[in-house]
Amino acid sequence: MLDVLHELETTALAELDAQSGSDALEEWRISYLGTKGKLRAVMPLMKSVPPDQKPAVGKRLNEVKTTLETAFREKKDAVADTAEAGPAIDVTEPGFPCGVGRRHVLSRTIDEIVEVFARMGFSVAYGPEVEDEWHNFNALNIPPDHPAREPTDNFYMPGARLLRTQTSTVQIRTMEATQPPLKIIAVGRVYRPDTHDATHFSMFHQVEGLYVDRRVTMVDLKTALFQFARAYFGPGAEVRMRPSFFPFTEPSAEVDMKMKVKGRYQWVELGGCGMVDPNVFEAVGYDPEEWTGYAFGLGIERIAMRKYGIADIRWLYENDARFLRQF
Ligand code: DAH
């Protein structure tokens, strides 16, 4: 009996393995597991098994039955899966082109600017975008009644905090944490409640520079800006300074750079600069008799827009892939 069962199990499984259609599978099931099937057919043989072997043989019979049933179910599921998967995949078909991503034009501009200043010996400093009035105004020598503090010109927040309006805040934070000499740039977002139009957005980016050492002069400042302009905008670039006023520098100037716009060099107004005001040094605990320094702050959107001929600042923030793909 045990030999018969073994034989039956082996052939049944082999036959099952060879089936592929669901009709053939059903035929197999009827022929082995059906009421008139081959498994049922061996049951009468139990009568001739000696009584002491009956439990073992009975157990084996059940085992074979379970094995065949399980094998059948698995095979049936497998066949169903292939049927659902539809026609086989034609691996020779050309695939769908999938777009390659790229860095945002502003991120690339920032990286390029940082790279140039890094080569000139500036390290990169960071500061928070949510600031207190000390770092955004007081320490920068902006008096309490200064119009720059107007609520209409700032995003004030609860707890005497505000979104920084300039990266000059990082000058203060760096000097508070470091002893001179130092040479840093700070890049980041600044916020002003401007009405959005082609040249204004309530958030934009600045790159701030600060160099503090003994006997720093306006010549060093102009040289640094000139070197940056040459390295970043090309050999025809130039720097022009126009007298101006900022509370944190004395003297102060506005910076224009001659950069290539649509193949031709043009003057573009980029920001402000000057010699660090002694009051700023005093605010951070530096001795103004010993230390001197220059500072500058440039608008990054201005640079990117002129360089790439982007007419509207809002396009930079709309995340329209058709626009961004061009750069
Ligand atoms: N913080 C100024 C602004 O946002 C720009 C500026 C001017 C930065 C002069 C400076 C500077 O570091 O020395 O308009």
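These numbers come from the heavy atoms of this one structure, side chains and all, not from hydrogens, waters or symmetry mates. Both ligands and their constituent atoms are indexed starting at 1 by order of listing.
- Shortest contact from atom 12 (O) of ligand 1 to any protein heavy atom: Glu208 OE2, 2.6 Å.
- Among protein heavy atoms, the minimum distance from atom 2 (C) of ligand 1 is reached at Gln166 OE1, 3.7 Å.
- Short contacts between ligand 1 and Gln206, defined as distances under 4.0 Å to a heavy atom of the residue, involve ligand atoms 3 (C), 4 (O).
- A perpendicular orientation is assigned to the rings of Phe327 and Tyr308, their planes being inclined by more than 60° (bins at 30° and 60°).
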For this session: Give the intermediate values and the outcome of side-chain hydrogen bond (donor to acceptor under 3.5 Å, both in side chains) for residues Glu301 and Tyr317.
Result: CA-CA 11 Å; Glu301 277 77 356; Tyr317 303 113; 2.2 Å; yes

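- For ligand 1 and Ala295, the ligand atoms under 4.0 Å from any heavy atom of the residue are 12 (O), 13 (O).
- For the residue pair His196 and Ser202, a side-chain donor N or O sits within less than 3.5 Å of a side-chain acceptor on the partner.
- Counting the atoms of ligand 1 from 1 in the order shown, those under 4.0 Å from a heavy atom of Cys273 are 7 (C), 9 (C), 11 (C), 13 (O).
- Under a 4.0 Å heavy-atom criterion, Tyr294 is not in contact with ligand 1.
- Between Trp291 and Tyr286, the ring-plane angle classifies as tilted under the 30° and 60° cut-offs.
- Asn138 and Arg149 share a side-chain donor-acceptor pair at under 3.5 Å.
- A donor-acceptor contact closer than 3.5 angstrom is absent between the side chains of Asp3 and His6.
- Taking a cut-off of under 4.0 Å to the non-hydrogen atoms of Gln171, the atoms of ligand 1 that pass are 12 (O).
- Near Phe248, with a cut-off below 4.0 Å to any heavy atom, the atoms of ligand 1 are 1 (N), 2 (C), 6 (C), 7 (C), 8 (C), 9 (C), 10 (C), 11 (C).
- Here the protein heavy atom with the shortest distance to atom 14 (O) of ligand 1 is Arg192 NH2, 3.9 Å.
- Residue-ligand proximity, Phe246 to ligand 1, at heavy-atom distances under 4.0 Å covers atoms 7 (C), 9 (C).
- Contact atoms of ligand 1 toward Gly274: 13 (O) (distance under 4.0 Å to a heavy atom of the residue).
- Ranked by closest heavy atom to atom 5 (C) of ligand 1, the top entry among Ala253, Gly297, Ser252, Gly293 is Gly297.
- For ligand 1 and Ser168, the ligand atoms under 4.0 Å from any heavy atom of the residue are 1 (N), 8 (C).
- In this pair, Phe228 and Phe233 present their aromatic rings perpendicular. The plane angle is above 60°, beyond the 30 to 60° band.
- No donor-acceptor contact under 3.5 angstrom links the side chains of Asp153 and Thr165, judged on distance only.
- Side-chain atoms of Gln206 and Gln166 form no donor-acceptor pair, as typed in the model, at a separation below 3.5 Å.
- Backbone and side-chain nitrogen or oxygen atoms of Thr165 are examined, and none is located within less than 3.5 angstrom of a nitrogen or oxygen of ligand 1.
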